[in-house]
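All remarks here apply to the structure that follows.
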Amino acid sequence: MLHATAKSTSSLNRRHLVLGTGAALAAGALPLSVRAQAEDIVIGGSIPMTGVFAFAGIGINAGIADYVKIVNDAGGIKGRKLRYVPEDTGYKVDVSVAAFKKITSQNKVNLYYGDSTGFAKTINPELDRNGQILMAGASFASELNDPKKYPNQFLVGPDYTEQIGILLKHIAKEKPGAKVAFVYSDSEFGRDPIEASEAAAKKLGLAVPIKIMTPAGSVDVSTEVIKLRRAAPDYTIFHGYILAPIPEFIQQGKQQGMSSKWMGTFWTMDSSTVMKMGEAGDGFMGVMPFRYYYDTEKAPMLEKIRALRPEYQSTAYIQGFLTAMLFTEAAKRTLEAGKPLDGKNLKASLNTLKDFDTGGIIGTPITISGNSLPVGRVYRADMKAQKMVAASDWIKL
């Protein structure tokens, strides 16, 4: 199924690229004024439609494509249409770099979606050299949240340190002085926020009695669970995993009489992922920067999404959709200011977003002053309802 989708997508991409090149050649014959007017605003994308991250890539791809369709159906941006040109990367940095080179050599690209932290870091010198592109993507790496080092990139949500910061703020309010354990994978993704989060916890008056690191896909966690039980945390925060070994930790912890509350960060928090935890996942909490597809609070953009796609859409879809919305807003503001669409101007326009309404995708107005969106909400798993339900208000850092 995934491969079929990817195959049809890549043949579509090839068609897009051929059409795009043909259109560019044809445009060469037009007067400059007409050409400038008719030029598409291109969003390129390194999208993992196959491989280990395909579950997210397929959602991201659909989210970007849907938002592009909504904008184009409404007449585009200042008379210019958006064109989305994705390539499958299989979540491999070298393939992603090749996709970037192919897309940017065949199209005049101003906006780009990257599939990973590895790609974001690898391509950064090229973004700086090229100067024409504003990039966002699937990564929430804390390192990217640095406007000096990554001036042409931004994160569509809080970085990993900010995600844990939102959870810690919630914990400090719910149980002042609580004991918090960190369980994380032995990977760049896993280690990213741990040191800064331990310092943040202490600042909030929370204790960190234990930190446990495990291999990324570990299955046997019995030794670690014994250590965790001895530390008796009030809350355990998992980071750097998608699913395994979180359910194993929770099941064994509960069997051994632990009363900890269990929490996760963005990539664990899709509804379908949490529901796979079964009974053990009841009450599991985590941070989510966006509303879930099925949230019932007023959200005109979610209503548009539900009209386009009547079946549940993942949090990766929502993230892709919001990325396209922020890209569009940056382009719109740059054009309205009469400035050329280049990386510097697009980023400066993005940073003018103050109390911006996302149509309810995020349930509070957003301000982007740096490279991230430091806002989120704690949700809790209700296994009976098979849904994630809000466990806090929107928390801003």
Side-chain angles (χ1 to χ4, degrees), residues 16-17 19-28 30-47 63-87 99-114 119-120 123-137 144 147 150-156 320-354 356 358 366 368-371 373:
H16 266 150
L17 293 171
L19 285 171
T21 316
L25 291 172
L30 298 171
L32 248 179
S33 58
V34 179
R35 235 188 299 170
Q37 204 180 1
E39 208 174 63
D40 289 344
I41 297 167
V42 179
I43 300 174
S46 286
I47 313 287
I64 297 173
D66 282 1
Y67 191 75
V68 164
K69 180 178 165 24
I70 287 170
V71 171
N72 286 342
D73 287 353
I77 308 169
K78 298 202 58 81
R80 288 169 69 174
K81 290 288 168 86
L82 290 175
R83 185 157 51 87
Y84 172 44
V85 185
E87 284 279 338
F100 177 88
K101 287 184 172 160
K102 179 183 173 183
I103 294 166
T104 54
S105 70
Q106 295 176 337
N107 302 270
K108 185 175 182 292
V109 179
N110 294 117
L111 302 156
Y112 201 90
Y113 190 99
F119 171 70
I123 211 71
N124 195 57
E126 178 58 26
L127 290 177
D128 290 349
R129 192 191 62 72
N130 172 300
Q132 296 304 304
I133 296 169
L134 175 64
M135 190 170 110
L144 302 179
Y150 296 93
N152 299 308
Q153 298 198 46
F154 72 100
L155 310 175
V156 187
F321 189 94
L322 181 63
T323 305
M325 184 192 291
L326 295 174
F327 276 164
T328 302
E329 191 58 29
K332 181 170 155 263
R333 290 180 181 216
T334 304
L335 291 173
E336 279 169 356
K339 292 181 175 170
L341 292 178
D342 61 28
K344 193 179 170 192
N345 291 337
L346 286 161
K347 182 67 190 307
S349 294
L350 185 81
N351 287 146
T352 65
L353 263 66
K354 300 266 185 293
F356 177 72
T358 59
I366 61 165
I368 306 179
S369 52
N371 272 15
L373 272 171

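These numbers come from the heavy atoms of this one structure, side chains and all, not from hydrogens, waters or symmetry mates.
Asn107 places a side-chain N or O within 3.5 Å of a backbone atom of Ile103 that can act as its donor or acceptor partner. At least one donor-acceptor pair under 3.5 Å links the side chain of Asn371 to the backbone N or O of Tyr150.
How far CD of Gln132 is from CG of Asn152: 9.5 Å, rounded to the nearest 0.5 Å. Atom CG of residue Leu322 and atom CD1 of residue Ile366 lie 6.0 Å apart, to the nearest 0.5 angstrom. To the nearest 0.5 angstrom, Ile133 atom CD1 is 8.5 Å from Ile123 atom CD1.
Shown are Leu335, Val71, Thr328, Val68; of these, the side-chain contact (heavy atoms from CB on, under 4.5 Å) with Ile41 is made only by Leu335. Each of Lys81, Arg80, Arg83 was evaluated against Asp40; a single residue qualifies, Arg83, per the salt bridge (charged side-chain N to carboxylate O under 4.0 Å, His left out) test. Among Leu144, Ile368, Leu373, the one residue that satisfies the side-chain contact (heavy atoms from CB on, under 4.5 Å) test with Leu155 is Leu144.
Under the rule for a side-chain hydrogen bond (donor to acceptor under 3.5 Å, both in side chains), Glu336 has no partner lying at least two apart in sequence or in another chain. Residues forming a ring pair (Phe, Tyr, Trp, His ring centres under 6.0 Å) with Tyr67 (at least two apart in sequence, or on another chain): Phe321. Legend: residues meeting side-chain contact (heavy atoms from CB on, under 4.5 Å) with Lys108, ordered by chain and number and at least two apart, are Glu39, Asn110. By the side-chain hydrogen bond (donor to acceptor under 3.5 Å, both in side chains) test, Ser349 is found to be paired with Thr334, residues two or more places apart in sequence or in another chain being considered. Qualifying side-chain contact (heavy atoms from CB on, under 4.5 Å) partners for Ala136, counting only residues two or more places apart in sequence or in other chains: Phe154, Val156, Thr323, Phe327.
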Going through the checks in order, is the side chain to side chain contact (heavy atoms under 4.5 Å, CB included) test met by Val109 and Asn130? CA-CA 10 Å; Val109 179; Asn130 172 300; over 6 Å; no
What verdict does the side chain to side chain contact (heavy atoms under 4.5 Å, CB included) test give for Leu350 and Leu346, after you've listed the backbone C-alpha separation in whole Å, the side-chain angles of each residue and the deciding distance to 0.1 Å? CA-CA 6 Å; Leu350 185 81; Leu346 286 161; over 6 Å; no
Determine, stepwise, if the pair Leu353 / Arg333 fulfils side chain to side chain contact (heavy atoms under 4.5 Å, CB included). CA-CA 10 Å; Leu353 263 66; Arg333 290 180 181 216; 3.7 Å; yes
Listed pairs under 3.5 Å, donor-acceptor, residues 337-344 side chains, sequence neighbours left out:
residue, atom, partner, partner atom, Å
Asp342, OD1, Lys344, N, 3.3
Asp342, OD1, Asn345, N, 2.8
Asp342, OD1, Asn345, ND2, 3.3

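Nearest heavy atom pair, residue Tyr112 against residue Ser46, reads OH-OG, 2.7 Å. Between Gly370 and Lys347, the shortest heavy-atom distance links the atoms O-CE, 3.7 Å.
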